[in-house]
Amino acid sequence: MHITLYYCFTITIFLLLNISRIADAATRQTKYLSQANQFMDPQNAARSANRIPPLAWDAKLAKYAQWYASQRRFDCALRHSNGPYGENIFWGSGIEWTPAQAVTAWVSERKSYNYWANSCATRQQCGHYTQIVWRSTSKVGCARVNCFGGRGVFMVCNYDPPGNYIGERPY
């Protein structure tokens with residue numbers, strides 16, 4: 001009887017430890033997916049409004065975005081990576097900025113884009129918006145970092161295939 005009780009106790013401890021590890025892994029996965037969804041949902045809503053297929057999250061692009069965001073962690077400078085992908089970048093002071101807020105800022109450039117003239121309003125930006133809704137773009141990967149020394153938050157999304165070709169309309 002003591003041996004059976006010992007085995008039951010051991011199995012219970014083993015199961016509890018494994019359940020704890022599984023829960024930790026699920027929490028990490030949920031956090032990752034949550035951030036990916038925060039980046040993707042408003043972008044796909046903007047694409048949907050123009051009857052454009054949604055973007056798919058791409059791990060390779062997310063890895064590239066994370067690599068580049070990590071480079072900007074030291075200075076938080078609004079500089080593009082000049083890599084092989086389309087790219088939107090964002091900087092905000094403080095540490096409370098969310099991916100959804102960055103994307104909302106990019107999508108808000110819609111008001112400055114004139115489809116018929118295929119241009120931005122005078123002295124306005126709209127290239128972030130047009131990259132998001134570029135019809136041939138199908139994949140996205142993004143990252144967010146807090147910059148060192150309280151310099152703020154840097155976020156980047158990379159797109160493949162890239163968009164914003166001069167003389168071409170996004171959709």
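Numbering of residues begins at 1 and proceeds along the displayed sequence. Predicted, not measured: the structure shown is a model, and the values here were computed from it.
Across all their heavy atoms, Ile132 and Ala46 have their closest contact at CG2-CB, 4.3 Å. Nearest heavy-atom pair across Glu87 and Asn82 is OE1-N, 4.3 Å. Residues Gln43 and Tyr159 share a closest heavy-atom pair of OE1-OH, 2.6 Å. Between Tyr64 and Pro84, the shortest heavy-atom distance links the atoms OH-CD, 4.1 Å.
Under a hydrophobic clustering in which Ile, Leu, Val, Met, Phe, Trp and Tyr are joined whenever their side-chain heavy atoms come within less than 4.5 Å, directly or via other members, Leu78 and Val107 fall into different clusters. Residues Val140 and Met155 share a hydrophobic cluster, clusters being chains of Ile/Leu/Val/Met/Phe/Trp/Tyr side chains in contact below 4.5 Å. In the hydrophobic cluster analysis, where Ile, Leu, Val, Met, Phe, Trp and Tyr join through side-chain heavy atoms closer than 4.5 angstrom, Val145 is grouped together with Val156.
Evaluation of the salt bridge (charged side-chain N to carboxylate O under 4.0 Å, His left out) test over residues 88-116, restricted to residues two or more places apart or in two chains, returns none.
Among residues two or more places apart in sequence or in another chain, the side-chain contact (heavy atoms from CB on, under 4.5 Å) test is passed with Cys147 by Cys76, Arg151, Phe154. By the side-chain hydrogen bond (donor to acceptor under 3.5 Å, both in side chains) test, Tyr85 pairs with no residue at all, sequence neighbours left out. Residues meeting the side-chain hydrogen bond (donor to acceptor under 3.5 Å, both in side chains) test with Trp106, sequence neighbours left out: none. For Arg144, the side-chain hydrogen bond (donor to acceptor under 3.5 Å, both in side chains) test picks out Asn146, with sequence neighbours left out. Looking at residues two or more places apart in sequence or on another chain, you find a ring-ring contact (aromatic ring centres under 6.0 Å, His included) between Trp97 and Phe90. Applying the side-chain contact (heavy atoms from CB on, under 4.5 Å) criterion to Ser138, with sequence neighbours excluded, gives Pro161. Contacts of Ser108 classified as side-chain hydrogen bond (donor to acceptor under 3.5 Å, both in side chains), with partners at least two apart in sequence or in another chain: none. Looking at residues two or more places apart in sequence or on another chain, you find a side-chain contact (heavy atoms from CB on, under 4.5 Å) between Thr98 and Gln38, Ala100, Gln101. Evaluation of the side-chain contact (heavy atoms from CB on, under 4.5 Å) rule for Tyr171 yields Asn50, Ile52, Tyr113, Tyr115, Tyr129, Val133, Arg135 as partners, not counting sequence neighbours. In terms of the salt bridge (Lys or Arg N to Asp or Glu O under 4.0 Å) criterion, residue partners of Asp75 (sequence neighbours excluded) are, by chain and number, Arg72, Arg79.
Between Pro54 and Arg47, every side-chain heavy-atom pair lies at or beyond the 4.5 Å cut-off. Taking the side chain as every heavy atom from C-beta outward, Thr137 and Asp160 never approach each other to under 4.5 Å.
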Check against side chain to side chain contact (heavy atoms under 4.5 Å, CB included), Val153 and Trp91: CA-CA 6 Å; Val153 173; Trp91 172 83; over 6 Å; no
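A donor-acceptor pair shorter than 3.5 Å cannot be found between the side chains of Tyr68 and Asn158. No side-chain donor from either of Asn164 and Gln131 sits under 3.5 Å from a side-chain acceptor of the other.
Using a 30° and 60° split on the angle between ring planes, Phe39 and Trp57 fall in the parallel class, below 30°.
Side chain of Ser48 to backbone of Asn44: no donor-acceptor contact under 3.5 angstrom is found. A donor-acceptor contact shorter than 3.5 Å links the side chain of Asn88 to the backbone of His128.
Note that CG of Leu55 and CG of Asp41 are 11.0 Å apart. Values are rounded to the nearest 0.5 Å.
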Expected list for residues 120-127: side-chain donor-acceptor pairs under 3.5 angstrom, two or more places apart:
none

